[in-house]
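Here it is: the structure, laid out below.
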Amino acid sequence: MAKIGLWNTKPTEHSVVEDVQGVFTGTVLTALGILLLSKAGVLIGGVAGMAFILHYALGWSFGLAFFALNLPFYWLAYRRMGWGFTFKTFAAVGLLSLLSQYQDRLIEIGRVDPIWAAVLGGLLIGMGMLALFRHRASAGGIGILAFYLQDRFGWRAGMVQLAVDMTIMCAAFFVVSPFIVACSVLCALAMNFFIAINHRTDRYIAL
C-alpha cells in the first residue's frame, strides 16, 4: 500500500498513483469551471482567456486553440522545471483540451447567471490549478510561468497570474460587453486569490 501512497514512509514525496489522481482531479475541476464560464459567456485569464477570445471573435474551437497556444510554453517547462513537470503538464493540457471540446456531450447545463458563473467557475478552476500545482504540474501557459517564478523568486503564483489576467481582460473589451468583462474580472479575482492564499511553499512542501 505504501507504493500507491496510502502509507507512504516519505510523506514529502508523491507516489505515481497520487500524481495521476491529482493531475486527473485538477484537470476535471478546471474543465468543469471552464464549462460554466463558457455557458455564461464569461472569459478567464491566461492562455484559456486567449483561447476564449479567439473562440468568441473568430469562432475557433476553444479546445484546439487552447492546446495550440500552450505549445510554446513547453520549452520553458522543460528547461526550467524538468521532464516530470513538462510531461504532467502536457498530459493535463491534452486532457483539458479534450474535455473542453466534448464535455457538453457528458453534462448539460441550462441557464447560469454570469456573476455566479464567474465566482463558481473561478473557484473551481482555482481548486483545479491548486491540485495541479501541488503535484508539480500546471494547466499550461501562464501557469507554467507563474509556477517557475514562484519557485525561482518566491513570487506568489496567484499574483503573477492575476497581473497577466488583468491585461487579457483589457483585450476582452473588443469581443464582449463591459458587463461580461466585469464578470470576467470577478472570475480572475476569485481564482487567483484562492491560489495565492492556498498555494504557499511554506505551508505545503510535497513534491
Side-chain angles (χ1 to χ4, degrees), residues 23-24 26-83 85-104 117-118 121-122 124-126 128-133 135-150 155 157-176 180-181 183-185 187-188 191-192 195:
V23 170
F24 178 79
T27 304
V28 169
L29 287 172
T30 302
L32 182 58
I34 288 175
L35 178 62
L36 283 173
L37 298 181
S38 67
K39 291 300 180 181
V42 177
L43 296 168
I44 195 173
V47 172
M50 299 176 196
F52 265 130
I53 290 175
L54 291 174
H55 173 69
Y56 293 139
L58 304 176
W60 291 13
S61 162
F62 172 84
L64 293 178
F66 180 73
F67 186 81
L69 288 170
N70 270 294
L71 292 176
F73 289 94
Y74 293 123
W75 179 245
L76 174 63
Y78 165 65
R79 289 294 301 272
R80 299 298 184 182
M81 308 302 293
W83 273 115
F85 177 87
T86 305
F87 175 77
K88 286 182 283 189
T89 296
F90 184 82
V93 170
L95 178 59
L96 183 56
S97 300
L98 189 65
L99 287 173
S100 298
Q101 187 75 13
Y102 298 107
Q103 191 171 212
D104 56 356
L124 282 169
I125 294 171
M129 293 184 69
L130 180 64
L132 292 172
F133 286 167
H135 289 269
R136 294 194 64 80
S138 81
I142 305 305
I144 295 174
L145 180 62
F147 193 100
Y148 164 70
L149 291 175
Q150 175 157 306
W155 299 359
M159 293 296 100
V160 172
Q161 293 203 158
L162 182 59
V164 176
D165 290 350
M166 293 301 100
T167 303
I168 293 173
M169 292 304 134
C170 293
F173 277 104
F174 294 99
V175 295
V176 295
I180 292 298
V181 172
C183 291
S184 302
V185 170
C187 174
M191 179 187 74
N192 287 299
I195 295 172

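Excluded from the calculations below are hydrogen atoms, water molecules and symmetry mates; all remaining heavy atoms, backbone and side chain alike, are included.
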What heavy-atom pair brings K88 and H135 nearest, and what distance separates the two atoms?
->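 What the structure gives for the nearest pair is NZ-O, 2.8 Å.
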What orientation do F66 and F62 show, parallel under 30°, tilted 30 to 60°, or perpendicular over 60°?
->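 If you compare the ring of F66 with that of F62, the planes turn out parallel.
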Check whether any side-chain heavy atom of V47 lies under 4.5 Å from a side-chain heavy atom of F73, and answer yes or no.
->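 A side-chain contact under 4.5 Å exists here.
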From D104 atom CG to L99 atom CG, the distance as rounded to the nearest 0.5 Å =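 CG of L99 is found 11.0 Å from CG of D104.
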Of all heavy-atom pairs between A137 and V23, which one has the smallest distance, and what is that distance?
->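 Closest pair (atom of A137, atom of V23, distance): CB-CG2, 4.2 Å.
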Evaluate the side-chain proximity of F52 to S38: yes if any heavy-atom separation is below 4.5 Å, no if none is.
->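 In short, these two side chains touch, coming nearer than 4.5 Å.
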Check: I34 and I125 side chains under 4.5 Å, non-hydrogen atoms =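 Yes, close enough: below the 4.5 Å cut-off.
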Are any of the side-chain heavy atoms of Y56 and L43 separated by less than 4.5 Å?
->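 SC-SC contact between Y56 and L43 confirmed.
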Atom OH of Y78: over 12 foreign heavy atoms under 6.0 Å |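 It does not: Y78 OH has 12 such atoms or fewer within range.
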Do V176 and V181 touch side chain to side chain, with heavy atoms closer than 4.5 Å?
->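 SC-SC contact between V176 and V181 confirmed.
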Where S138 and F133 come nearest, the two heavy atoms and their spacing |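 Scanning both residues completely, I find the closest heavy atoms to be CB-CE2, 3.8 Å.
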Check ring-ring contact (aromatic ring centres under 6.0 Å, His included) between Y74 and all other residues, then give those that pass, not counting sequence neighbours.
->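 Counting only residues at least two positions away or on another chain, Y74 forms a ring-ring contact (aromatic ring centres under 6.0 Å, His included) with F90.
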